[in-house]
Amino acid sequence: MIAFAVASLLVSMIPGPTTVVILRQSIHAGRSAGVATVLGNETGWLVWCLAAAFGLSALLLASELAFDIMRIVGAIVLVWFGAKMLWQARRRAQGGPPEEMAASSPETPSLWSCYRSGLLTNLANPKAGVFALSFLPQFVPEGVPALPMLLLLAVASALIDLTWYLGIVRLVGAAERFFKRPAVRRYLEYMSGTLLIGLAVRLALTSKP
């Protein structure tokens, strides 16, 4: 289990669309929004892990059409999030609502919206399903019933992932004064939006594993 915990932590530390979305929501709307985004992401990861445990993720490996559909849908979702961030950054650059009104601004996302963005970002990534299918079975000991062990590993993996991302949210909260500066927020919006669109293009060009 130590090897599994270390491997899961290293996987969580790899930057990707999830990291970008969690950072953006934490900076834009505060710690509660960041936590809600993390919970959405972990729900998505658990869904992929459960799909892997019951063999459903194998469809992504076996069917090129299924993988391509998920790949294109995932790219569209990431482009949508990225374009939205760029649009909001542009509005701020042109003179959006003052910072003291941000909390009451309709641009400030609800906790449900943050949860949903984390969930969709994870579910829209077919590589997460393929990874769950190839990663978890490696740590099932010989002679142990596979399904219960895979479910246990799925929960453990999600908890490790949760701990890592909540740490990121906490760090962002500790530097809240810096991230609340209008120039910094605009720069981060531009950077986050551009990164997500770049990741969407990369996902769209990904071939079936």
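A quick note: this is a predicted structure, and the numbers were derived from the prediction, not measured. Along the sequence shown, residues carry numbers from 1.
Interatomic distance, OG1 of Thr43 versus CG of Leu120, reported as 11.0 Å (0.5 Å rounding). Put simply, CD1 on Ile27 and CD1 on Ile22 are 12.0 Å apart, with the number rounded to the nearest 0.5 Å. Between the CD1 atom of Ile168 and the OG1 atom of Thr163 there is a distance of 11.5 Å, given to the nearest 0.5 Å. Taken to the nearest 0.5 Å, the OG1 atom of Thr194 stands 5.0 Å off from the CG atom of Leu86. Separating the OG1 atom in Thr19 from the CG atom in Asn41 is a distance of 8.5 Å, to the nearest 0.5 Å.
Under a 3.5 Å cut-off, the side chain of Trp45 and the backbone N or O of Gly40 do not form any donor-acceptor pair. Counting only distance, with no hydrogens or angles, the side chain of Ser117 and the backbone of Cys114 share a donor-acceptor pair below 3.5 Å. With Ser157 contributing its side chain and Leu153 its backbone, the two residues share no donor-acceptor pair below 3.5 Å.
In terms of heavy-atom proximity, Arg170 sits nearest to Arg31 at O-NH2, 4.0 Å. Taking both residues in full, the closest heavy atoms of Phe139 and Met149 are given as O-CE, 4.2 Å, listed atom of the first, atom of the second, then distance. Minimum interatomic distance between Val172 and Ser26 (heavy atoms only, all atoms of both residues): CG1-CB, 3.9 Å. Minimum heavy-atom separation, Ser8 to Ile160: CB-CD1, 3.8 Å.
Tracing side-chain contacts under 4.5 Å through hydrophobic residues (I, L, V, M, F, W, Y), one never reaches Met191 starting from Val79; they form parts of separate clusters. Residues Val169 and Leu111 are members of separate hydrophobic clusters, defined by side-chain heavy-atom contacts under 4.5 angstrom among Ile, Leu, Val, Met, Phe, Trp and Tyr. Both Trp112 and Leu119 are assigned to one and the same hydrophobic cluster, defined by single-linkage of ILVMFWY side chains at heavy-atom distances under 4.5 Å. The same ILVMFWY cluster, assembled from side-chain heavy atoms under 4.5 Å apart, contains both Leu162 and Leu9. Linking ILVMFWY side-chain heavy atoms closer than 4.5 Å, directly or via other members, places Val21 and Trp164 in a single hydrophobic cluster.
A side-chain contact (heavy atoms from CB on, under 4.5 Å) with Thr18 holds for exactly one of Thr37, Val38, Thr121; it is Thr121.
For the pair Glu42/Tyr165, a side-chain contact is recorded, criterion being any heavy-atom separation below 4.5 Å from C-beta on.
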